[in-house]
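So the structure is just underneath, and the comments pick up after that.
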Amino acid sequence: MMMNQEIAEIFDRMARVLAFKGKDRFRALAYERAAGSLRGIEQDLTELAGQKKLKNIPGIGKDLSEMIEEYIRTGHITRCEREMRDVPDELLVLMDIPGLGPKTLALLNKKFHIKNIKDLERLIEKGALPEFHGFGKKKIENLRRGIGMFEANTQRRRLGVVLPMAEKLLDEARRIKLVERADLAGSVRRRTETIGDIDLLIASSNGEEALREFVKLPSIKRVRALGKTSASVITEGDLQTDVRAVSQQSYGAALQYFTGSKQHTVRLRTMARERGLKINEYGVFRGEDRIGGEDEKDVYYALGLKFMPPELREDRGEIEAAIDGHLPTLIEENDLRGDLHMHTTWSDGRASVEEMVERAAKLGREYIALTDHSQSSRIARGLDLERLELKIEEVEALRKRRGKRKPRVLMGAEVDILADGRLDYPDQILARLDVVVASIHSAFRQSKDRITGRLLDAIANPYVQIIGHPTTRLIGAREPVEFNFRQVVKATVAAGVALEVNGSPNRLDLNDVMTRAAHEAGSLLAIDSDAHSTAQLAQTSFGVSQARRAWVEARSVVNTWPWPKFSRWMRHRRRPAEEEIG
DNA sequence: GCCGTTTTCGGCCCGACTGTTTTCAGTCG
């Protein structure tokens with residue numbers, strides 16, 4: 001996993017260096033595609049290399065596979081390093097400035113010896129950047145603005161932050177009279193874990209006028225570009241939003257194009273070309289004849305493919321699967337019957353047991369587990385044995401009060417996996433809990449072997465049903481812990497333990513790529529909210545999105561199971577263990 | 001640099017917007 005990331009970054013950097021140097025742009029594209037491929041697979045590159053299977057990875061051929069082998073052996077790729085040596089990172093990163101691409105950067109570097117952001121600012125602020133052929137006042141002004149945006153906000157934002165803003169904007173757009181239809185597209189629609197910008201598509205018989213209305217919406221702060229069919233704006237909260245307007249008859253083709261991913265769409269268009277068709281955002285064409293485009297499905301059907309949900313469109317094998325007729329039937333939000341990880345005021349939650357149960361009932365949950373923290377999580381007010389007793393009493397009283405009303409309320413705990421691999425409650429206490437989620441909350445920096453050992457120990461405990469947020473990463477804030485993922489997955493498969501897909505938008509842990517690998521290896525999954533308030537109970541939807549991105553079908557997710565099946569699984573490892581003790 | 005029910009060489013998705021170009025280059029998605 002780490003290795004894939006590292007090599008992907010080198011390849012990405014190579015692509016930019018080649019673009020900067022003005023070399024063959026298709027060579028740069030090849031590196032880009034390879035980087036994307038590596039990010040999309042979880043398989044161990046060392047193992048693939050050992051089996052001489054690197055070339056099976058799409059976009060990896062003779063040269064790149066040799067480079068990967070070299071990296072595995074030595075931690076270096078000589079050819080890349082030689083190519084990249086004379087282009088320092090601080091220069092390359094300037095390509096992240098909106099509107100500043102490789103050509104302009106190369107020019108500024110050659111003509112004015114710009115090497116980093118400081119040089120560039122100095123040049124512009126002093127008004128020392130003269131106008132010259134092909135470089136006028138407006139370009140300079142745009143560059144100045146681009147630098148401002150670059151410095152204000154370079155990082156991508158979490159889906160959980162962006163999605164509500166995007167939906168608000170969509171709402172406003174739909175209220176414009178000239179707007180006949182509107183939908184979110186792009187990475188928001190594909191539900192990637194972080195978002196660079198919002199893409200919005202509208203249908204209108206007068207797109208130009210509709211766009212003019214759109215950019216006047218109150219939540220639009222600034223207009224970057226405005227044309228007949230598209231506009232680019234900065235919204236409140238400094239999110240870039242790209243809007244595209246098409247006619248109804250092109251809406252489906254436009255939605256497909258605008259949803260991407262780029263690589264997925266390129267594949268479709270290449271397939272079309274091979275079949276004598278042309279796909280663009282206006283439709284599917286055979287020669288001059290439009291043969292489809294009003295519905296998104298038209299694009300796929302024209303190529304003899306089944307329709308693919310947006311979450312699959314990453315060029316991670318979905319096109320091949322569609323050709324073979326092996327597309328998965330993805331889990332849907334409605335499939336969830338239970339939620340097995342949440343907190344109350346007993347530990348660090350903001351809502352009481354009662355409030356959480358009531359809200360869960362409104363969400364239609366059939367069963368839920370109240371899983372407050374265990375004693376070692378002091379900051380989270382984890383429950384010592386005494387308070388745990390009190391909570392058990394409260395939950396039992398609540399169960400009596402509620403009788404047969406749904407949801408069934410299960411007594412649970414999120415139990416720390418301690419630094420030495422022991423769990424934070426003794427077995428006789430765990431035996432009294434219906435649901436045990438075991439999670440790492442400390443000693444993140446231990447060696448790979450020790451973390452692996454801790455997880456394996458937790459999985460071996462017969463009272464544990466779920467490993468909570470397995471990597472402990474916080475998006476944009478904390479790196480995942482390192483452990484032998486395949487070994488851990490193997491153990492969960494053997495033990496019938498579920499790996500969590502934590503729905504908190506700060507976590508999304510496991511992520512899409514790892515979830516897919518776990519799922520394909522046969523591991524059970526649990527999609528939980530990890531809610532710390534009533535509102536957060538709905539965050540399971542983010543977990544479901546990630547699971548869909550991971551090709552997950554409902555049958556592998558334990559909390560989609562009807563109660564009888566779920567409750568059997570919940571207890572399936574306990575009986576023999578209890579007999580042993582008893 | 002990759003890739004092949006046309007191809008082992010010659011392709012590689014397709015179009016919009018901006019600026020300053022009098023016919024297009026650069027950037028973006």
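Each chain gets a letter, A, B and so on, in the order the sequences are listed, and its residues count up from 1. All heavy atoms count here, side chains included; hydrogens, waters and symmetry mates do not.
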Exercise. When you look at A:Q248 and A:E294, which way does the side chain to side chain donor-acceptor pair (under 3.5 Å) test go after all the steps?
Worked result: CA-CA 6 Å; A:Q248 291 268 18; A:E294 183 159 6; over 6 Å; no
Minimum-distance nucleotide to [X] side chain [options: [options]]:
{"X": "A:R273", "options": "B:dG1, B:dT20, B:dC13", "answer": "B:dC13"}
{"X": "A:R244", "options": "B:dG15, B:dT27, B:dA16", "answer": "B:dA16"}
{"X": "A:A30", "options": "B:dC12, B:dC17, B:dG1", "answer": "B:dG1"}
{"X": "A:K139", "options": "B:dG19, B:dG15, B:dC13", "answer": "B:dG19"}
{"X": "A:A225", "options": "B:dG29, B:dT18, B:dG1", "answer": "B:dT18"}
{"X": "A:Y31", "options": "B:dG26, B:dG1, B:dA16", "answer": "B:dG1"}
{"X": "A:L64", "options": "B:dT20, B:dC2, B:dG29", "answer": "B:dC2"}
{"X": "A:D197", "options": "B:dC13, B:dC2, B:dG29", "answer": "B:dG29"}
{"X": "A:N142", "options": "B:dG29, B:dG15, B:dT18", "answer": "B:dT18"}

Problem set entry | Those residues of residues 20-29 of chain A lying under 4.0 Å from DNA chain B by at least one heavy atom |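 Close to the strand are A:D24, A:F26, A:R27.
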Exercise. In Å and rounded to the nearest 0.5 Å, what is the CD1 to CE distance from A:I60 to A:M67?
Worked result: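 Separation between the atoms: 10.0 Å.
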For this session: Could you let me know what B:dG19 is paired to, Watson-Crick or G-U wobble, both distances under 3.5 Å, or none if it's on its own?
Result: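 Its partner is B:dC24 (Watson-Crick or G-U wobble, both distances under 3.5 Å).
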If the threshold is 4.0 Å, N to carboxylate O, is there a salt bridge linking [X] and [Y]?
{"X": "A:E281", "Y": "A:R269", "value": "yes"}
{"X": "A:E90", "Y": "A:K115", "value": "no"}
{"X": "A:R39", "Y": "A:D512", "value": "no"}

Tell me whether the side-chain N/O atoms of [X] come closer than 4.0 Å to OP1 or OP2 in [N].
{"X": "A:T265", "N": "B:dC14", "result": "no"}
{"X": "A:Q240", "N": "B:dG29", "result": "yes"}
{"X": "A:K278", "N": "B:dG15", "result": "yes"}
{"X": "A:Y282", "N": "B:dA16", "result": "yes"}
{"X": "A:T104", "N": "B:dG26", "result": "no"}
{"X": "A:R79", "N": "B:dG1", "result": "yes"}

Exercise. Is the A:H264 ring parallel, tilted or perpendicular to the A:Y300 ring (thresholds 30°, 60°)?
Worked result: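 Because their plane-to-plane angle lies in the 30° to 60° range, the rings of A:H264 and A:Y300 count as tilted.
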Could you work out the separation of [N] and [M] based on their [atom1] atoms and round it to a whole Å?
{"N": "B:dG1", "M": "B:dT8", "atom1": "C1'", "value": "14 Å"}
{"N": "B:dC13", "M": "B:dC28", "atom1": "C1'", "value": "14 Å"}
{"N": "B:dT20", "M": "B:dA25", "atom1": "P", "value": "16 Å"}
{"N": "B:dT18", "M": "B:dC12", "atom1": "C1'", "value": "27 Å"}
{"N": "B:dT21", "M": "B:dG26", "atom1": "P", "value": "14 Å"}

What's [X] touching, base or sugar-phosphate or nothing? Going by heavy atoms closer than 4.0 Å.
{"X": "A:K262", "result": "base"}
{"X": "A:L268", "result": "nothing"}
{"X": "A:R267", "result": "nothing"}
{"X": "A:K137", "result": "sugar-phosphate"}
{"X": "A:I97", "result": "sugar-phosphate"}

Rounded to the nearest angstrom, tell me the gap between atom [atom1] in [X] and atom [atom2] in [N].
{"X": "A:L201", "N": "B:dG29", "atom1": "CG", "atom2": "P", "value": "16 Å"}
{"X": "A:L226", "N": "B:dG19", "atom1": "CG", "atom2": "P", "value": "12 Å"}
{"X": "A:E320", "N": "B:dT5", "atom1": "CD", "atom2": "C1'", "value": "16 Å"}
{"X": "A:R16", "N": "B:dT27", "atom1": "CZ", "atom2": "C1'", "value": "13 Å"}
{"X": "A:M95", "N": "B:dG26", "atom1": "CE", "atom2": "P", "value": "14 Å"}

For this session: Return the 5'-most residue of the pair A:V266, A:M14 with respect to DNA chain B, ranking by each residue's nearest nucleotide.
Result: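 With A:V266 and A:M14 compared, the 5'-side residue is A:M14.
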Exercise. Which residue, A:N280 or A:D199, contacts DNA chain B at a nucleotide closer to its 5' end, judged by nearest heavy atom?
Worked result: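 Its nearest nucleotide being more 5', the pick is A:N280.
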Exercise. In chain order, what residues pass the salt bridge (Lys or Arg N to Asp or Glu O under 4.0 Å) check against A:R548, with sequence neighbours excluded?
Worked result: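 Applying salt bridge (Lys or Arg N to Asp or Glu O under 4.0 Å) to A:R548 gives A:E311.
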Exercise. Does A:H469 have any ring-ring contact (aromatic ring centres under 6.0 Å, His included) partners at least two apart in sequence or in another chain, and if so, which?
Worked result: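 Testing A:H469 for ring-ring contact (aromatic ring centres under 6.0 Å, His included), a comparison that skips the adjacent residues, returns A:H441.
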For this session: Apply side chain to side chain contact (heavy atoms under 4.5 Å, CB included) to the pair A:E180 and A:S205, showing each step before the final yes or no.
Result: CA-CA 8 Å; A:E180 294 150 22; A:S205 51; 3.2 Å; yes
For this session: Applying salt bridge (Lys or Arg N to Asp or Glu O under 4.0 Å) between A:E193 and each of A:R473, A:R549, A:R157, report the one that passes.
Result: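 Of all the options given, the one that passes is A:R473.
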